[in-house]
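Below: one structure, written as structure tokens.
Computed over heavy atoms, backbone and side chain alike; hydrogens, waters and symmetry mates excluded.
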Amino acid sequence: MGRSVTRLGVALLAALLLATGGGCARVDAPAAEVPAPVALPTESTEPTEADGSEGPDEASPTPKAVQSMGAAPRSAAASSSPSASVRPTPRRSAPAPRRVPKPPTETNVPPKQPKPAPSGCRPTYKGEQASRAQVKAALTDAAGRTYWPTSAPDIRVPLDLIKATAWQESGWQSNIVACDEGIGLMQVMPDTATWMNQRFGQNYDVWDYRDNAYLGGTYLAWLTKYIGDMYFDADYRLDASLCTSGVLDSCLLNAVIAAYNFGHGAVARPGQPLAIPNPGYVRNVRALMSECVCLGF
């Protein structure tokens, strides 16, 4: 009697399983929803200002501006972490300098740079020193000017460039006179000031700290036009992001900085590639453009 009941129970159970599809999922049942993949944020190629920490491959606190100018490469070991990512190389958005420059559009050029001052010579001072607030205002005004309103109104002298150049040249001392006769904030040479006043129809006083800032800005703007026409097909952007890391002659910004110190003729040479004869000076100014204490004045 017990076996018969057991057999009957087994038979009924088998029939029930066949009728309901058993323990397997039905073919026509809706599949369970799978969560959509989360889109990973695109990694920025620019350093994050708010995060002061360095990435895992940072070996030393090399200033970012110096690093971008071709400082010693970081000693980064390959990471075995699956989460490590490689940052894409930013794409250039400006033309590389022409290997063979166009003829200069400016034939009225500044006087040659003077010979270096004798060693051991110390600078002198004339008149009163302008305050930092006064200097800051003068440099800001100079950076805000449109120096080529007709033929090149898009030329702008970045404020960080003019501040850094003034700090490199004089330490923002408005009444300093160098041994090579460079005067004031921007260390403008008297002959260069005379030439710029004639070229642009102005009457700036090289001894006045405000006019000295305008003269320095005028010279930077003239160099931008002169070198930009010859080597960069009139692309006048003085943008550090357009410079190739470790290649000093890759952008207009570096060339203008070099020419401010060494003269246009040493940088932009008719028929020859762009030259950077003073890499140390260029690196200093580039570093000051982002790290100078003067930027906080």
Side-chain angles (χ1 to χ4, degrees), residues 44-76 87 89-90 92 94 123 129-144 156-174 176 178 182 184-187 209 212-213 216-217 219-221 223-224 237-262 267 276-297:
S44 173
T45 58
E46 296 293 334
T48 303
E49 293 286 347
D51 185 4
S53 60
E54 295 181 343
D57 57 348
E58 296 282 352
S60 63
T62 306
K64 293 182 178 63
V66 176
Q67 203 172 74
S68 70
M69 293 304 301
R74 298 174 296 184
S75 56
R87 295 185 175 184
T89 302
R92 287 186 64 92
Q129 163 71 21
S131 68
R132 285 178 175 176
Q134 290 173 320
V135 170
K136 177 182 177 180
L139 296 175
T140 302
D141 288 345
R156 289 290 186 274
V157 179
L159 180 57
D160 56 357
L161 172 59
I162 200 167
K163 282 184 173 181
T165 302
W167 190 264
Q168 172 70 27
E169 291 288 331
S170 69
W172 281 28
Q173 299 178 88
S174 63
I176 191 171
L185 290 176
M186 304 298 290
Q187 285 295 282
Y209 74 92
N212 193 287
Y219 191 32
L220 287 168
L223 291 168
T224 299
R237 287 176 291 169
L238 298 174
D239 189 342
S241 68
L242 303 178
C243 303
T244 301
S245 177
V247 185
L248 288 176
D249 61 356
S250 62
C251 60
L252 180 59
L253 173 61
N254 292 348
V256 167
I257 293 172
Y260 190 91
N261 170 243
F262 241 60
V267 176
I276 306 294
N278 48 351
Y281 181 91
V282 175
R283 289 190 177 98
N284 286 347
V285 174
R286 282 289 307 277
L288 289 170
M289 287 178 66
S290 61
E291 298 160 16
C292 181
V293 65
C294 63
L295 300 178
F297 292 164

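Taking OG from Ser131 and CZ from Phe297, the interatomic distance works out to 11.5 Å, rounded to the nearest 0.5 Å. To the nearest 0.5 Å, the span separating CD on Gln173 from CH2 on Trp167 amounts to 8.5 Å. Atom CD in Gln187 sits 11.0 Å away from atom CG in Asn261 (nearest 0.5 Å). Interatomic distance, CE of Met289 versus CG of Asn284, reported as 13.0 Å (0.5 Å rounding). The structure places CG of Leu161 at 10.5 Å from CG of Leu288, a figure rounded to the nearest 0.5 Å.
The two residues Leu223 and Ala259 come nearest to each other via the heavy atoms CD2-CB, 3.7 Å. Closest approach of Asn212 and Gly184 over heavy atoms only: ND2-CA, 3.8 Å. Between Ala166 and Leu139, the closest heavy-atom pair is CB-CD1, 4.0 Å. Closest approach of Leu220 and Val256 over heavy atoms only: CD2-CG1, 3.8 Å. Nearest heavy atoms, Leu185 versus Ala213: CD1-CB, 4.5 Å. Between Val135 and Ala130 the shortest heavy-atom distance is CG2-CB, 4.0 Å.
Within the 4.5 Å cutoff, the side chain of Val267 has heavy atoms near those of the Pro277 side chain. In this structure, Thr165 and Ile257 have side chains that are not in contact, with every pair of non-hydrogen atoms separated by 4.5 Å or more.
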- [ ] Give the intermediate values and the outcome of side-chain contact (heavy atoms from CB on, under 4.5 Å) for residues Arg283 and Leu248.
- [x] CA-CA 9 Å; Arg283 289 190 177 98; Leu248 288 176; 4.0 Å; yes

Open item on the list: Lys136 vs Lys163, test: side-chain contact (heavy atoms from CB on, under 4.5 Å). Steps then yes/no.
Closed with: CA-CA 8 Å; Lys136 177 182 177 180; Lys163 282 184 173 181; 4.2 Å; yes

TODO: Run the numbers on Ser174 and Gln134 for side-chain contact (heavy atoms from CB on, under 4.5 Å), then give the verdict.
DONE: CA-CA 10 Å; Ser174 63; Gln134 290 173 320; over 6 Å; no

Task: Check against side-chain contact (heavy atoms from CB on, under 4.5 Å), Leu252 and Leu238 - done: CA-CA 6 Å; Leu252 180 59; Leu238 298 174; 3.7 Å; yes

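Checking side-chain atoms of Asp249 against main-chain N and O of Ile276 turns up no donor-acceptor pair under 3.5 Å. Judged purely by atom type and a 3.5 angstrom limit, Gln129 uses its side chain to pair as donor or acceptor with the backbone of Trp172.
Ring pair Tyr219/Tyr260 is tilted by interplanar angle, where 30° to 60° counts as tilted.
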